[in-house]
Amino acid sequence: MPELPEVEVTRRGILPHAQGKTVAKVKIHHPKLRLPIPNKIITRLQNQKISRIVRVGKYLLFHTAAGTLIFHLGMTGYLSLLSKTKSREKHDHFDLVFQDNTVLRYHDSRKFGLIRWTDTDPLRHHLLKAIGPDPLTNQFTGKYLYGKSRNRKIAVKPFIMDAKIVAGIGNIYACEALFAAGIHPATPAGKLSEKKCAGLVQAIKKVLRKAIETGTAVMVFQPDREWSGYFLQNRAVYQRAGAPCKNCGVLIEKIRMGQRSAFFCGKCQRQNV
DNA sequence: ACTGGCTCCTGAGGGC
DNA sequence: TGCCCTCAGGAGCCAG
């Protein structure tokens with residue numbers, strides 16, 4: 001599952017190969033995603049230059065003079081750079097063919113991804129307008145999180161996974177950040193002190209930055225090499241149920257919260273806030 | 001205003 | 001070896 005760090009490493013990887021290039025052709029192979037890929041992008045993107053590629057949460061925005069292509073990789077989506085037309089495989093949905101014949105290809109087996117187009121400001125697009133700040137920006141502070149969490153009874157884990165609060169924190173990094181901050185995932189969000197909120201925000205930024213650094217160092221994104229890296233190598237709790245906590249040795253627990261699994265150390269992560 | 005549950009989809013993995 | 005069942009999960013949407 002591409003989480004925010006994977007999306008950011010994808011952005012950095014494709015940047016030198018896609019930004020500044022002009023789209024010669026758009027090919028929609030399988031339009032069916034979470035929403036169908038709109039046909040209008042074929043004409044809208046043709047002959048447009050990709051001026052900037054920006055990330056907001058887990059969304060990637062490809063800006064052109066005519067409008068913006070909005071990408072979300074969903075659960076299983078990834079982008080590949082191909083030096084020339086390579087034979088298509090199952091679940092290849094979409095190609096951006098640049099004037100120099102390089103191809104940016106979108107692959108997504110579970111079809112949870114999303115490709116949208118907007119002629120106007122993408123931040124006013126209905127998918128993005130209600131979204132909270134990106135966690136790596138200066139708008140995401142302890143004070144902000146403290147203010148948003150007042151009177152909220154929801155558990156802190158689903159709270160920080162709510163895109164309206166903060167954009168793009170998925171299950172893996174929610175678990176990892178809560179471990180790093182020493183907060184039990186079931187703690188009601190409204191019970192967190194201002195200090196705990198500050199610590200949680202710092203933990204979120206830290207685990208995300210570390211994953212981005214690791215991924216950037218590990219992944220060499222170049223034509224004909226497919227992007228497929230998920231940075232699970234240094235996880236402290238995620239999918240480690242039954243294994244000893246790296247901090248205290250107590251066995252990591254797994255509980256079901258809503259529709260998601262939460263992993264945590266019952267000794268290092270407390271509800272006394 | 002909040003909260004929890006449903007839904008889309010397919011590959012992986014476990015059990016037998 | 002192979003079949004079948006269950007599960008995982010981002011996030012928008014909807015009902016209570």
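Only heavy atoms go into these numbers, but all of them, side chains included; no hydrogens, no water, no symmetry mates. What you see is a predicted model, and the numbers here were worked out from it, not measured in a lab. Naming: A, B, ... by sequence-line order, numbering from 1 per chain.
Taking every heavy atom of both residues into account, Gly113(A) and Tyr106(A) meet most closely at CA-OH, 3.5 Å.
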For a quick check, with a 4.0 angstrom heavy-atom cut-off, what is the B/S/- contact string for nucleotides 11-16 of chain C, read 5' to 3'? BS----

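Partners of Phe159(A) according to the ring-ring contact (aromatic ring centres under 6.0 Å, His included) rule, which considers only residues two or more places apart in sequence or in another chain, do not exist here.
When the P atom of dA12(B) is taken as reference, atom NE2 of His91(A) falls 10 Å away, rounded to whole Å. Here dT10(B) presents its C1' atom at 9 Å from CZ of Phe112(A), a figure rounded to the nearest Å. As a whole-Å value, the separation of Met75(A) CE from dA12(B) C1' is 11 Å. Between the CD1 atom of Ile70(A) and the C1' atom of dG10(C) there is a distance of 16 Å, given to the nearest Å. Protein atom CZ of Arg55(A) is 16 Å distant from nucleotide atom C1' of dG10(C), rounded to whole Å. Distance CG (Leu73(A)) to C1' (dG10(C)): 11 Å, rounded to an integer number of Å. What separates CG of Asp162(A) from P of dC2(B) is a distance of 11 Å, to the nearest Å. Atom OH in Tyr78(A) sits roughly 14 Å away from atom C1' in dT10(B) (whole-Å rounding).
Less than 4.0 Å separates DNA chain B from at least one heavy atom of each of the following residues of residues 147-159 of chain A: Arg152(A), Lys153(A), Ile154(A).
The rotation axes computed at either terminus of the helix from dC2(B)-dG16(C) to dC16(B)-dG2(C) lie 50° apart, taking five pairs at each end and rounding to 10 degrees.
Taking NZ from Lys267(A) and CD from Gln269(A), the interatomic distance works out to 13.5 Å, rounded to the nearest 0.5 Å.
With Ile115(A) as reference, Leu33(A) is the one residue of Ile70(A), Leu33(A), Leu35(A) to meet the side chain to side chain contact (heavy atoms under 4.5 Å, CB included) rule.
Residue Thr76(A) places no side-chain N or O under 4.0 Å from the OP1 or OP2 atom of dC9(B).
Residue contacts for Lys90(A): at a heavy-atom cut-off of 4.0 Å it reaches the sugar-phosphate backbone alone, with no base atom in range.
Using a 30° and 60° split on the angle between ring planes, Phe264(A) and His184(A) fall in the tilted class, from 30° to 60°. By the 30° and 60° cut-offs, the orientation of the rings of His30(A) relative to His93(A) is perpendicular.
Pairs engaging residues 50-66 of chain A under the side-chain hydrogen bond (donor to acceptor under 3.5 Å, both in side chains) rule: Glu8(A)-Arg55(A), Arg55(A)-Asp134(A), His63(A)-Thr68(A) [sequence neighbours left out]. Residue pairs meeting the side-chain hydrogen bond (donor to acceptor under 3.5 Å, both in side chains) criterion with at least one member in residues 34-50 of chain A, sequence neighbours excluded, are Arg44(A)-Asp119(A).
Hydrophobic clustering, with ILVMFWY side chains joined whenever heavy atoms are under 4.5 angstrom apart, groups Ile42(A) together with Phe94(A). Linking ILVMFWY side-chain heavy atoms closer than 4.5 Å, directly or via other members, places Met257(A) and Ile252(A) in two distinct hydrophobic clusters.
A donor-acceptor pair shorter than 3.5 Å can be found between the side chains of Lys157(A) and Asn171(A).
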